[in-house]
Amino acid sequence: MFQNIISKRAKMRLVIPRVVFHIDFDYFYAQCEEMRRPELRAKPVVVCVFSDRGGDSGAVATANYHARKFGVKSGIPIKFAKKRLADSHDAVFLPTDFDYYSEVSDSAMAVIRGYADVFEYVGRDEAYLDVTKRTGGDYASASHLAQQLKNALRSSVRLSSTVGVSANKLVAKIASGYRKPDGLTVVPPDGISSFLDPLPIKEIPGIGSKTEQIFRDLGMSTISDLKRLDVFALNGMFGRKTGTYIYNAARGIDESPVSPRGDPVQYSRIVTLKQDSKDYDYLSRDLEALCEDVHRAVVRDDLVFKSIGIQFVQDDLSSRTKSRTLKNHTANLDELKRTALLLLRELLADQRLQVRRLGVKVADFIETSGQADITRFF
Ligand code: DGT
Ligand code: CA
Ligand code: CA
């Protein structure tokens with residue numbers, strides 16, 4: 001019995017803490033625009049989703065940090081942004097170019113993947129990495145690795161990013177939001193509570209302004225305040241799932257693994273053609289085979305997708321892409337093929353160069369079964 005206790009303790013000490021990175025690209029769409037037009041770097045840049053009503057109707061997708069100094073931020077009407085920037089004579093307002101942002105994202109993700117034991121794609125400008133194995137659970141080496149990753153992105157993609165490092169996804173994400181842009185915040189396991197305690201409650205992912213107000217009415221503003229509520233009180237207020245999530249989050253507890261699901265590279269295929277071509281019949285045979293391949297991976301992982309894209313790498317190695325968002329999520333092979341072939345026809349309509357490589361990818365997933373993330377319930 002005594003022996004048993006000792007060996008259990010010894011085992012516990014041997015359990016190394018996990019090391020998780022959350023990486024988020026800085027002012028992403030606006031930074032992409034700066035990349036292809038470096039002269040924008042010195043100016044306020046506002047990337048806008050113009051609505052089809054025309055004029056200035058629509059909302060701001062994001063803005064660079066120059067524009068943010070004027071109070072311009074994601075979600076505000078374009079009209080407000082223009083008013084706030086009225087005194088700045090060099091502000092630039094641009095429409096979104098999602099295909100281009102996806103290309104930048106793909107190259108950045110390819111670099112990031114090389115730094116992870118396990119890589120989890122979250123969105124165009126965001127990913128989690130589990131680096132426990134390659135750092136041996138050591139936070140000094142993790143901090144060094146994170147800096148190397150940031151440097152690699154800057155030198156190979158010219159992209160500035162912010163990284164949070166901690167023992168789980170939750171705290172890593174909060175840490176990446178702590179200091180931006182070009183930030184690196186490392187929160188070792190024994191520093192988690194002192195890091196979280198003074199932060200405002202809304203730093204917990206999933207807690208929006210409504211939930212924040214509920215706590216403010218109770219006289220609570222920081223995560224440390226939140227810890228005064230026991231799990232039963234929270235469950236009573238929000239239901240068991242959300243209540244337990246908030247209870248654990250306030251204590252920096254999150255067991256969810258970094259999971260490779262949702263990695264777009266798993267759900268895309270590209271081949272080099274036997275010969276360069278721009279013939280529909282020739283290309284369509286390869287495209288159908290690519291669709292079947294991608295479809296197998298999607299079905300294997302219980303996913304449905306909403307967006308379909310194809311890519312040409314042309315004989316001068318430049319790329320052309322075209323994508324389409326469906327009305328509803330699907331995992332239907334015929335619909336995938338039909339849409340991909342349609343995109344093929346559309347791209348070929350004004351194709352000048354020969355196509356050398358042909359790719360297809362699906363995106364915008366939801367899972368059809370399994371463990372939905374608790375934060376989705378907010
Ligand atoms: P930051 O704070 O340096 O990470 O800035 P962003 O712009 O990267 O912000 P983030 O990470 O929240 O969002 C990534 C991209 O998602 C952003 O570049 C544009 C898009 N986005 C964010 N919020 C909104 C929004 O409210 N509306 C639209 N249409 N797009 C948004
Ligand atoms: Ca970002
Ligand atoms: Ca983000």
Side-chain angles (χ1 to χ4, degrees), residues 20-37 40-41 43-53 56-81 84 91-109 111-112 119-129 146 149-150 153-154 157-164 169-170 172-185 199-200 202-209 262 264 306-307 325 363-364 373 375-376 378:
V20 174
F21 290 0
H22 178 257
I23 184 162
D24 188 292
F25 308 156
D26 299 324
Y27 61 102
F28 183 53
Y29 299 170
Q31 196 185 165
C32 289
E33 297 295 347
E34 289 180 357
M35 271 177 196
R36 59 177 165 187
R37 290 175 55 192
L40 294 179
R41 282 180 196 277
K43 306 175 179 176
V45 176
V46 186
V47 178
C48 305
V49 182
F50 292 101
S51 82
D52 42 19
R53 249 174 273 149
D56 282 344
S57 74
V60 169
T62 193
N64 69 0
Y65 281 76
H66 288 299
R68 290 185 196 192
K69 278 187 270 171
F70 293 83
V72 174
K73 56 183 183 183
S74 300
I76 67 168
I78 298 167
K79 285 197 186 83
F80 288 8
R84 289 178 191 175
V92 180
F93 294 80
L94 300 168
T96 53
D97 179 352
F98 293 115
D99 283 345
Y100 167 60
Y101 308 147
S102 295
E103 269 176 46
V104 174
S105 172
D106 288 350
S107 351
M109 294 298 173
V111 172
I112 296 171
F119 171 87
E120 178 177 336
Y121 177 88
V122 180
R124 273 198 197 94
D125 87 322
E126 225 169 291
Y128 289 104
L129 294 75
L149 168 57
K150 277 162 59 69
L153 282 176
R154 192 178 282 288
V157 194
R158 284 181 301 146
L159 186 73
S160 117
S161 62
T162 292
V163 178
K169 286 162 61 169
L170 173 85
K173 181 165 173 73
I174 297 173
S176 75
Y178 185 68
R179 204 154 265 137
K180 284 177 164 199
D182 196 20
L184 170 57
T185 301
L199 296 180
K202 66 163 189 317
E203 290 299 308
I204 295 174
I207 294 199
S209 40
K306 205 175 170 185
S307 143
T325 301
D364 290 350
D373 187 340
T375 56
R376 291 199 197 137
F378 283 91

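Predicted model only: the values in this text are computed from it and were never measured. Remember, it's 1-based here, ligands and their atoms both numbered in the order they're listed.
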Open item on the list: Tell me if a side-chain donor or acceptor on K150 pairs with a main-chain N or O of S161 at a distance below 3.5 Å.
Closed with: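 The answer is yes, because a donor-acceptor pair under 3.5 Å joins these two groups.
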
- [ ] Answer yes or no: is there a donor N or O on one side and an acceptor on the other, between the side chain of H22 and the main chain of E126, under 3.5 Å?
- [x]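 Between the backbone of E126 and the side chain of H22 there is no qualifying donor-acceptor contact (under 3.5 Å).
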
Please give the atom name: the N, O or S atom of [X] nearest to the Ca ion (ligand 3).
X    : answer
E126 : OE1
D125 : OD1
D24  : OD2

Open item on the list: Suppose we only count N/O/S atoms under 3.0 Å; would D26 qualify as near the Ca ion (ligand 2)?
Closed with: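 No N, O or S atom of D26 is closer than 3.0 Å to the Ca ion (ligand 2), so no.
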
Open item on the list: Taking 3.0 Å as the cut-off, does F28 contribute an N, O or S atom near the Ca ion (ligand 2), distance below it?
Closed with: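 Coordinating: no.
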
Considering only non-hydrogen protein atoms, determine which one is nearest to [atom] and report residue, atom name and distance to 0.1 Å.
atom                    : result
atom 29 (N) of ligand 1 : V49 CG2, 3.6 Å
atom 27 (N) of ligand 1 : V60 O, 4.0 Å
atom 8 (O) of ligand 1  : F28 N, 2.9 Å
atom 5 (O) of ligand 1  : R68 NH2, 2.8 Å
atom 10 (P) of ligand 1 : D125 OD2, 4.0 Å
atom 17 (C) of ligand 1 : T62 CB, 3.8 Å

Task: Best match, F98, Y27, F25: closest heavy atom to atom 3 (O) of ligand 1 - done: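 Answer by nearest heavy atom: Y27.
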
- [ ] Ignoring hydrogens, just give me the one of S161, A61, G58, G177 whose non-hydrogen atom is nearest atom 28 (C) of ligand 1.
- [x]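 Looking at heavy atoms only, the winner is A61.
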
Which segment of [X] sits under 4.0 Å of ligand 1 when only heavy atoms are counted:
X    : answer
Y65  : side chain
K180 : side chain
T162 : neither

- [ ] For residues A63 and Y27, report the shortest heavy-atom separation together with the two atoms involved.
- [x]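 Nearest heavy atoms, A63 then Y27: O-CB, 3.5 Å.
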
Task: Smallest separation among heavy atoms of I76 and R84, with atom names - done: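 Where I76 meets R84 most closely, the heavy atoms are CD1-NH1, 3.9 Å.
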
- [ ] Quickly, which of E33, Q31, E34, K69 forms a side-chain hydrogen bond (donor to acceptor under 3.5 Å, both in side chains) with N64? Name it, please.
- [x]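 Of E33, Q31, E34, K69, side-chain hydrogen bond (donor to acceptor under 3.5 Å, both in side chains) with N64 is met by E34 alone.
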
- [ ] Please say which of T185, D182, D26, D24 ends up in a side-chain hydrogen bond (donor to acceptor under 3.5 Å, both in side chains) with T162.
- [x]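 Per the side-chain hydrogen bond (donor to acceptor under 3.5 Å, both in side chains) rule, the option paired with T162 is D26, out of T185, D182, D26, D24.
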
TODO: Would you mind listing which atoms of ligand 1 come within a distance below 4.0 Å of any non-hydrogen atom of G75?
DONE: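 In order of numbering, the contacting atoms are 26 (O).
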
Open item on the list: As an exercise, identify every atom of ligand 1 less than 4.0 angstrom from a heavy atom of D24.
Closed with: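 This gives 4 (O), 11 (O) as the contact atoms.
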
Open item on the list: Can you confirm whether R179 is buried at CZ, in the sense that more than 12 heavy atoms of other residues, nucleotides or ligands lie under 6.0 Å from that atom?
Closed with: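 Open: at most 12 neighbouring heavy atoms sit under 6.0 Å from CZ of R179.
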
Open item on the list: Counting only heavy atoms not in F80 (residues, nucleotides, ligands), do more than 12 fall under 6.0 Å from its CZ?
Closed with: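 No, because the 6.0 Å sphere around CZ of F80 holds 12 heavy atoms or fewer from other groups.
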
Task: atom 1 (P) of ligand 1 protein-contacted (non-hydrogen atom, under 4.0 angstrom) - done: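 Yes; the ligand atom in question has protein heavy-atom contact below 4.0 Å.
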
Open item on the list: Is any side-chain heavy atom of F25 closer than 4.5 Å to one of R124?
Closed with: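 No, side chains not in contact.
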
Task: Heavy-atom check, side chain of R68 versus side chain of T62, under 4.5 Å - done: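 Heavy-atom side-chain distance check passes, below 4.5 Å.
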
Open item on the list: Heavy-atom contact check, 4.0 Å cutoff: does E33 meet ligand 1?
Closed with: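 No heavy atom of E33 comes that close to ligand 1.
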
TODO: Decide whether a cation-pi geometry holds between R36 and Y100; the criteria are a distance under 6.0 Å from NZ or CZ to the six-membered ring centre and an angle within 45° of the ring axis.
DONE: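 Geometry flag: set, cation within 6.0 Å and 45°.
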
- [ ] Over 60° means perpendicular and under 30° means parallel, so classify the ring planes of Y101 and Y29, tilted if in between.
- [x]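 Parallel, since the angle between the ring planes stays under 30°.
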
